[in-house]
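So the structure is just underneath, and the comments pick up after that.
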Amino acid sequence: MHISLFAGLAEAAGQRSLDLDPPLPVTAQELLERLRLSFPELPWDGVRLAMDQTYVANDAPLRANAELALIPPVSGG
Amino acid sequence: MHISLFAGLAEAAGQRSLDLDPPLPVTAQELLERLRLSFPELPWDGVRLAMDQTYVANDAPLRANAELALIPPVSGG
Amino acid sequence: MSGVLVWFAMQQGPLQGDSLRARVAGHDAGCVVEFRGTVRGTARGLEVVRLEYEAYPEMVEAELQRIASEVAAQHDILRMAIEHSVGIVPVGGCSVHLAIAAAHRATAFAAAAALMDQLKVRVPIWKKEVDSEGGVWLGRGS
Amino acid sequence: MSGVLVWFAMQQGPLQGDSLRARVAGHDAGCVVEFRGTVRGTARGLEVVRLEYEAYPEMVEAELQRIASEVAAQHDILRMAIEHSVGIVPVGGCSVHLAIAAAHRATAFAAAAALMDQLKVRVPIWKKEVDSEGGVWLGRGS
């Protein structure tokens with residue numbers, strides 16, 4: 001799974017994406033937990049997962065080839 | 001007393017002002033009542049009196065040389 | 001002009017242009033909210049031809065100053081500016097333009113709504129709606 | 001673009017000009033409400049130098065379409081248009097511009113406030129505030 005990073009999350013990671021291949025099926029919450037364990041140094045507070053440009057519920061199953069992105073707390077406007 | 005008219009009130013009266021010289025002292029409410037009696041054909045519904053560019057209370061005494069105006073229901077904007 | 005109302009003008013015909021915002025903008029402002037009233041093409045089932053505005057200009061400015069002070073006492077805004085038409089405004093034209101600068105958007109929106117509510121019931125301006133059947137003076141905050 | 005959101009664009013640097021309003025105006029509109037977010041000169045006691053905006057552009061548009069539909073379901077508006085900056089916006093510059101046309105002003109104000117509230121907490125855009133002590137990414141609807 002290829003997961004895009006933005007803003008403070010991308011800056012802290014020093015890169016614009018992360019790759020992780022968890023056993024499938026995997027829910028949004030499970031993926032977030034795996035990412036936190038794999039990259040504990042990143043600022044995870046308030047981070048949400050988006051799939052195909054839509055916020056996903058914690059228990060939503062993720063498709064392996066979906067467009068995934070980690071959305072840190074937003075500050076537009 | 002010289003009293004300015006506007007909008008529908010001026011149009012109905014066919015003039016831009018009225019003159020009336022009630023015995024003094026006179027309050028706003030008393031002047032309005034006299035005007036209604038003197039010009040019963042005018043559209044008095046919702047008309048307020050302004051003195052020196054300020055709405056006046058019913059019981060306010062009017063000064064003889066004040067700037068007086070009858071303000072029909074407004075519709076700015 | 002002093003106080004929170006930094007600019008007021010009445011203008012013959014429809015309001016055009018975009019100069020009002022610059023009068024309230026500033027590095028202390030987090031936002032500018034603008035309101036423009038525009039003339040609708042239909043009213044009470046009839047086709048509107050134009051509006052004709054009349055005003056008691058001296059009292060308009062005095063009353064707007066009072067309203068602006070009251071609104072600023074209730075809502076924490078920085079500056080406001082207002083323009084209003086007199087005379088003929090065609091369908092689609094702008095008859096009133098308000099700009100408010102504030103540090104935060106919630107107060108700017110609340111102040112703009114309150115200003116317009118008060119303007120509509122207190123400021124001595126009148127419009128005659130001219131449609132295919134003639135003209136009628138509007139009133140009571142229409 | 002279909003539905004109530006008739007125009008959306010992201011633009012490099014501060015938003016200028018006054019073209020957004022014409023995109024929502026019409027003879028069915030009794031008013032147009034506009035909101036502009038502008039960069040303040042101080043924040044948390046420090047002098048702000050500039051803001052730097054980053055976005056996830058594809059999701060910005062998708063999320064704004066969803067928000068616009070939700071707002072239109074709650075408030076009886078005609079059309080809205082939105083522009084947002086990416087990249088550097090200096091102090092005093094405009095970073096977001098919203099225009100909403102409606103038949104009546106109360107719904108236009110309410111819709112504009114609701115749209116901005118939702119934009120601030122849902123739309124994937126981030127700003128870094130650069131001041132004399134460095135830069136910090138803001139979050140949580142700041």
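Note that these values count all heavy atoms, side chains included, but never hydrogens, waters or copies made by symmetry. Below, chain A is the first sequence line, B the second, and so on; all start at residue 1.
In terms of the side-chain hydrogen bond (donor to acceptor under 3.5 Å, both in side chains) criterion, D:Thr38 has no residue partners (sequence neighbours excluded). Looking at residues two or more places apart in sequence or on another chain, you find a side-chain contact (heavy atoms from CB on, under 4.5 Å) between C:Ala62 and B:Gln53, C:Arg66.
Using a cutoff of 4.0 Å between basic side-chain nitrogens and carboxylate oxygens, D:Glu34 and C:Arg36 are scored as salt-bridged.
When the shell of 6.0 Å around CG of C:Asp76 is examined, it contains 12 or fewer heavy atoms from other residues, nucleotides or ligands.
Ranked by heavy-atom pairs shorter than 4.5 Å toward chain D, the options C:Gly37, C:Gly26, C:Ala103, C:Cys94 are led by C:Ala103. Taking chain D as the reference chain and counting heavy-atom pairs below 4.5 Å, the highest number among C:Ala99, C:Gly17, C:Ala110, C:Ala112 is found for C:Ala112.
Neither the backbone nor the side chain of C:Ala101 comes within less than 4.5 Å of any heavy atom of chain D. Heavy-atom distances place both the backbone and the side chain of C:Ala29 under 4.5 Å from chain D.
Nearest heavy atom pair, residue C:Cys31 against residue D:Phe35, reads CB-CE1, 3.4 Å.
Residues from residues 39-50 of chain C that place a non-hydrogen atom less than 4.5 Å from a non-hydrogen atom of chain D comprise C:Val39, C:Arg40, C:Gly41, given in numerical order.
Under the salt bridge (charged side-chain N to carboxylate O under 4.0 Å, His left out) criterion, the residue pairs touching residues 77-86 of chain C are C:Asp28-C:Arg79, with sequence neighbours excluded.
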